Amino acid sequence: MEVEQSHSQTDGRHLRSQQTRQKLLEAARQIFLEEGFQKTTISQIIKRANTGYGTAYVHFSGKDDFLIVLMEDVMAAFYAIAELPFFPQTREEAHEMILHQTTTFLNLAVSERKMLQLFSEAMGAFPTVQQKWEEIREQFVQRIAQDICHAQRQGLARAEVNPELVARGWFYSHEMYLWDIVKNKNQATLDEIASTLVAIYTGGLYEPPPASFG
């Protein structure tokens, strides 16, 4: 009985701790969006979450730590796009699947523009945030490289190219337009950007269909 009671108390403390952490994160998100990253202070976050300083620092080491966790949550939605099943049987099927992924990626950048603006602002000020972005970038590159390897095994993609190098260039092009969207610099529609990117990418990577004679 005492053991069961001890487990129950431990579970209760863990639940309260998780709830407090979530309150702090939500408070940080609200104030970051209201004030921007540079003007936000830990005191504002703690006051909004109605917690103490000691409690806050149990969960987060500083405001950059808050933003890194929020960045991970946002980028998880982007990474879910890269994780979509990719098992094309034809060049045309691969083109359609890649176009869908790219269009979804760019549209998500629009819907998450405000949070991404915060990340961009923080990257120049905190090496920890820049490092986190680089880790996220590598995660994308490795996942894209897996898809390219599959296409090579299927005889769809050119066998002589290095999957990781191609994947890096492919993600960098997405990253460039991601930040253009964040900064409202893109001069074309999202559909036009997506279709152009995919045409160049698939045109260079995927083997052309065999020529027919007769």
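Since this is a predicted model, take the numbers as computed values, not measurements.
A heavy-atom distance below 4.5 Å is found between the side chains of Glu34 and Arg48. Here the side chains of Val182 and Glu112 are not in contact, with every heavy-atom distance at 4.5 Å or above. Residues Arg113 and Asn184 form a side-chain contact, since some pair of their non-hydrogen atoms from C-beta on lies under 4.5 Å apart. The closest side-chain heavy-atom distance from Ser43 to Tyr53 is below 4.5 Å. Annotation: side chain of Ile98 is in contact with side chain of Tyr206 (closest heavy-atom distance under 4.5 Å). Looking only at side-chain heavy atoms (C-beta outward), Thr102 and Tyr201 stay at 4.5 Å or farther from each other.
The CZ atom of Arg29 sits 10.5 Å away from atom CD of Gln22, with the distance rounded to the nearest 0.5 Å. Considering CE of Met97 and CD of Glu92, their distance stands at 13.5 Å, rounded to 0.5 Å. Taken from CD in Gln18 to NZ in Lys23, the straight-line distance is 14.0 Å, to the nearest 0.5 Å. One finds the CG atom of Leu178 at 14.0 Å from the OH atom of Tyr172 (value rounded to the nearest 0.5 Å). Expressed to the nearest 0.5 Å, how far CG of Leu33 lies from CD of Gln117 amounts to 9.5 Å.
Here Gln146 pairs with Arg143 under the side-chain contact (heavy atoms from CB on, under 4.5 Å) rule; sequence neighbours left out. Under the salt bridge (charged side-chain N to carboxylate O under 4.0 Å, His left out) criterion, Arg168 pairs with Glu138, Glu164, sequence neighbours left out. Legend: residues meeting ring-ring contact (aromatic ring centres under 6.0 Å, His included) with Phe105, ordered by chain and number and at least two apart, are Phe78, His174. For the ring-ring contact (aromatic ring centres under 6.0 Å, His included) test, residues two or more places apart in sequence or in another chain that qualify with Phe37 are Phe32, Phe126.
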Val110 vs Leu106, side chain to side chain contact (heavy atoms under 4.5 Å, CB included): CA-CA, chis, key distance, verdict: CA-CA 7 Å; Val110 172; Leu106 295 176; over 6 Å; no
Can Ile136 and Tyr79 be said to form a side chain to side chain contact (heavy atoms under 4.5 Å, CB included), step by step? CA-CA 9 Å; Ile136 290 168; Tyr79 192 70; over 6 Å; no
Where do Phe87 and His150 land on the ring-ring contact (aromatic ring centres under 6.0 Å, His included) test, with the steps shown first? CA-CA 7 Å; Phe87 303 107; His150 169 77; 5.2 Å; yes
Test side chain to side chain contact (heavy atoms under 4.5 Å, CB included) on Trp170 and Leu197; report intermediate values, then the result. CA-CA 9 Å; Trp170 180 230; Leu197 283 175; 4.0 Å; yes
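What you find for Gln101 and Ala82 is that their closest heavy atoms are NE2-O, 4.2 Å. Between Leu24 and Ala56 the shortest heavy-atom distance is CD1-CA, 3.8 Å. The two residues Ala167 and Val141 make their nearest non-hydrogen contact at CB-O, 3.4 Å. The two residues Pro163 and Ile148 have their closest heavy-atom pair at O-CD1, 3.5 Å.
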Quick one: side chains of residues 64-71, donor-acceptor pairs under 3.5 Å with protein atoms, not counting sequence neighbours, listed by atom name and distance.
{"residue": "Asp64", "atom": "OD2", "partner": "Thr128", "partner atom": "OG1", "Å": "2.7"}
{"residue": "Asp65", "atom": "OD2", "partner": "Ser61", "partner atom": "N", "Å": "3.0"}

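Proximity of a side-chain donor or acceptor of Gln38 to a complementary backbone N or O of Gly36 within less than 3.5 Å is not detected. Of the possible polar contacts, none joining the Arg91 side chain to the Leu156 backbone as a donor-acceptor pair under 3.5 Å is found. At least one donor-acceptor pair under 3.5 Å links the side chain of Ser111 to the backbone N or O of Leu108. With hydrogens and angles ignored, the 3.5 Å screen pairs no side-chain donor or acceptor of Lys63 with any backbone N or O of Ile42. With Glu93 contributing its side chain and Gln89 its backbone, the two residues share a donor-acceptor pair below 3.5 Å. Remark: the backbone N or O of Thr41 is paired with a side-chain donor or acceptor of Gln44 at under 3.5 angstrom.
No continuous path of ILVMFWY side-chain contacts below 4.5 Å connects Leu165 to Leu205, so the two sit in separate hydrophobic clusters. A continuous path of ILVMFWY side-chain contacts below 4.5 Å connects Met176 to Met123, so both sit in one hydrophobic cluster.
Shown are Val166, Asp147, Val161; of these, the side-chain contact (heavy atoms from CB on, under 4.5 Å) with Gln152 is made only by Val161. Considering Phe140, Trp179, Phe119 as possible partners of Trp133, the one that fulfils the ring-ring contact (aromatic ring centres under 6.0 Å, His included) test is Trp179. Residue Ile181 forms a side-chain contact (heavy atoms from CB on, under 4.5 Å) with just one option from Leu116, Leu190, Asn107, Ile193, and that option is Leu190.
Applying the salt bridge (Lys or Arg N to Asp or Glu O under 4.0 Å) definition to pairs two or more places apart or across chains, those involving residues 172-195 are Arg137-Glu175.
Look at Arg21 and Glu26 and you find no salt bridge, because none of the NZ, NE, NH1 or NH2 atoms lies under 4.0 Å from a carboxylate O.
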